[in-house]
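Take a look at the structure set out below.
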Amino acid sequence: MNGNESEAMRRLPRTCRAADRVLWFDEVDSTNTVARRLLTELTEAWRPAGGADAAIAAPPIAVIVADAQTAGHGRLGRRWVSLPGESSMVSFTTVLPQSLATDPHVNGWLQMIAGLAAAEAIDDVCARIGAACTHTPSDGDASPATSDADGDGPCALMLKWPNDIVLHGRKLGGILLELVTSLGGAATAGSGAIPRADVQSRPSGPDGGRMVGLVIGVGINLAIPADRLPTELATSLQLHRAPLPDPERMRDLIAAGMAASLRSRLREFIADPVGYAAALRDEMTSKCWTIGRRVEARLVDGGTVRGTAMRLNVDASLMVRDAGGYEHTITTGDVGVL
């Protein structure tokens, strides 16, 4: 692994304190690709002195950060454009019990945990540094936006099911989860869609079984000029919050916050998957930009469902009611708001 850990300490001091290991790269093909290789390299190093129970009590977190990516991508292979100083390109990696990661009744909440951790980190950082929403009612908001940066107004940070970070109705960032089942390959993880597969044996957890790897790639637009946004549906944080520190410090603050939030949330999820899923459903419902909106779901089998997003189900899938009143359960696919 050629990542520069001393440079990580200089550039990302808060993240280094929050995570178990941090690697810095000037440029990589994809931080998620590096994270998968890192899992293979670190699995033995992550074997805690107290056995698997110690790993479950405090899930290990490694972080991979790059100034630029040459082959970054999101769900469905979509390319993610990144230039130094404009975006935060960070991947987080950890290990989980296989029985939890492959259980279709609860594993869809892993995607929601990642989204909620990202939103929590951004909101917390903005509150701590005093960055407020810059919009006014003249921007088309129904109410003064300066009061809704952390609330329910049009400038509140929201999550579009299953994997986008939304601000002022536009995409601020995206999240890609990958389950590393054999510590040599990966399967993209959508809500309720992580495939069962053979995995390399890890220390025994409460399931008496094995541990697998989880990679969470997070891309956030921090300082992209409005005239260079990749699409008309995209946005960047500096267009909505001020004052902000330089993008390098902002990246460190957000990555540190997300590492801490992921560790805490995954600890609770591992300890009580069903109980914590119920709490996540309530939290995600309040943050879900998709619910109540007209959507089009393009399914992996080529089918399409149009209707209104009604609610999140207990397994983190999305319920969509079509014009005829029939309800469709969407477990994976691309869901666009109409």
Side-chain angles (χ1 to χ4, degrees), residues 7 11-12 15 24-34 63-92 114-115 118-119 121-123 125-126 129-136 138-141 145-146 148-149 153-160 163-176 216-255 257-258 289 334-338:
E7 189 68 4
R11 292 176 176 262
L12 303 152
T15 306
W24 163 269
F25 296 85
D26 290 325
E27 181 180 284
V28 294
D29 49 1
S30 164
T31 55
N32 267 28
T33 300
V34 175
V63 184
I64 298 88
V65 184
D67 235 2
Q69 290 189 140
T70 59
H73 66 93
R75 290 180 71 250
L76 307 179
R78 293 192 179 104
R79 186 166 177 255
W80 184 278
V81 179
S82 64
L83 293 173
E86 292 188 350
S87 300
S88 172
M89 313 303 302
V90 180
S91 291
F92 303 83
I122 297 169
D123 279 340
V125 168
C126 286
I129 64 177
C133 184
T134 59
H135 298 288
T136 65
S138 62
D139 295 324
D141 297 344
T146 52
D148 63 29
C155 205
L157 201 67
M158 303 292 285
L159 298 169
K160 183 171 83 69
N163 70 317
D164 286 346
I165 306 167
V166 176
L167 185 56
H168 211 67
R170 292 177 173 81
K171 181 174 178 176
L172 178 70
I175 300 169
L176 178 69
I216 303 169
V218 184
I220 303 169
N221 298 330
L222 295 180
I224 301 178
D227 60 354
R228 288 204 297 102
L229 289 168
T231 74
E232 63 180 13
L233 298 178
T235 194
S236 187
L237 190 63
Q238 93 285 359
L239 301 175
H240 305 274
R241 300 284 189 270
L244 294 177
D246 66 84
E248 187 166 299
R249 181 178 175 230
M250 194 67 182
R251 174 177 55 195
D252 182 28
L253 289 167
I254 293 173
M258 188 166 176
W289 189 68
D334 185 33
V335 177
V337 173
L338 299 176

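Side-chain atoms are counted along with the backbone in the values below, which use heavy atoms only and exclude waters and symmetry mates. Note that the numbering runs from 1 along the sequence shown for the chain.
- By the side chain to side chain donor-acceptor pair (under 3.5 Å) test, Asp227 pairs with no residue at all, sequence neighbours left out.
- The OG atom of Ser91 lies 6.0 Å from the CD1 atom of Ile64; values are rounded to the nearest 0.5 Å.
- Gly85 and Pro247 make their closest contact through O-CG, 3.2 Å (heavy atoms, listed as atom of the first residue, atom of the second, distance).
- A heavy-atom distance below 4.5 Å is found between the side chains of Cys126 and Met250.
- The structure places CG of Leu237 at 6.5 Å from CD1 of Ile122, a figure rounded to the nearest 0.5 Å.
- Counting only distance, with no hydrogens or angles, the side chain of Asn163 and the backbone of Ile175 share a donor-acceptor pair below 3.5 Å.
- Atom-to-atom distance recorded for Asp67:CG and Arg251:CZ is 5.0 Å, nearest 0.5 angstrom.
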Worked check of side-chain hydrogen bond (donor to acceptor under 3.5 Å, both in side chains) between Thr235 and His240: CA-CA 9 Å; Thr235 194; His240 305 274; 2.5 Å; yes
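- Taken from CH2 in Trp24 to CD in Glu7, the straight-line distance is 7.0 Å, to the nearest 0.5 Å.
- No side-chain heavy atom of Val90 sits less than 4.5 Å from a side-chain heavy atom of Met258.
- Judged as a side chain to side chain donor-acceptor pair (under 3.5 Å), and not counting sequence neighbours, Arg170 has no contacts.
- Side-chain atoms of Asn221 and Ser87, non-hydrogen and from C-beta on, do get closer than 4.5 Å to each other.
- Residues forming a side chain to side chain donor-acceptor pair (under 3.5 Å) with Glu248 (at least two apart in sequence, or on another chain): Arg11.
- Every residue was checked against the salt bridge (Lys or Arg N to Asp or Glu O under 4.0 Å) condition with Arg249, not counting sequence neighbours, and none meets it.
- Partners of Thr15 according to the side chain to side chain donor-acceptor pair (under 3.5 Å) rule, which considers only residues two or more places apart in sequence or in another chain, are Asp252.
- Within the model, atoms CD of Glu86 and CD1 of Ile224 stand 5.5 Å from one another, a figure rounded to the nearest 0.5 Å.
- Using a 4.5 Å cut-off on side-chain heavy atoms (C-beta onward), Ile165 and Leu159 make contact.
- Rounding to the nearest 0.5 Å places CD1 of Ile220 at 9.5 Å from CE of Met89.
- Between the side chain of Lys160 and the backbone N or O of Gly336 there is no donor-acceptor pair closer than 3.5 Å.
- The closest side-chain heavy-atom distance from Leu222 to Ile254 is below 4.5 Å.
- Side-chain contact between Thr134 and His168: absent, with no pair of heavy atoms (C-beta onward) separated by less than 4.5 Å.
- Two residues are said to be in side-chain contact when any heavy atoms from C-beta on lie closer than 4.5 Å; Leu229 and Leu239 meet this criterion.
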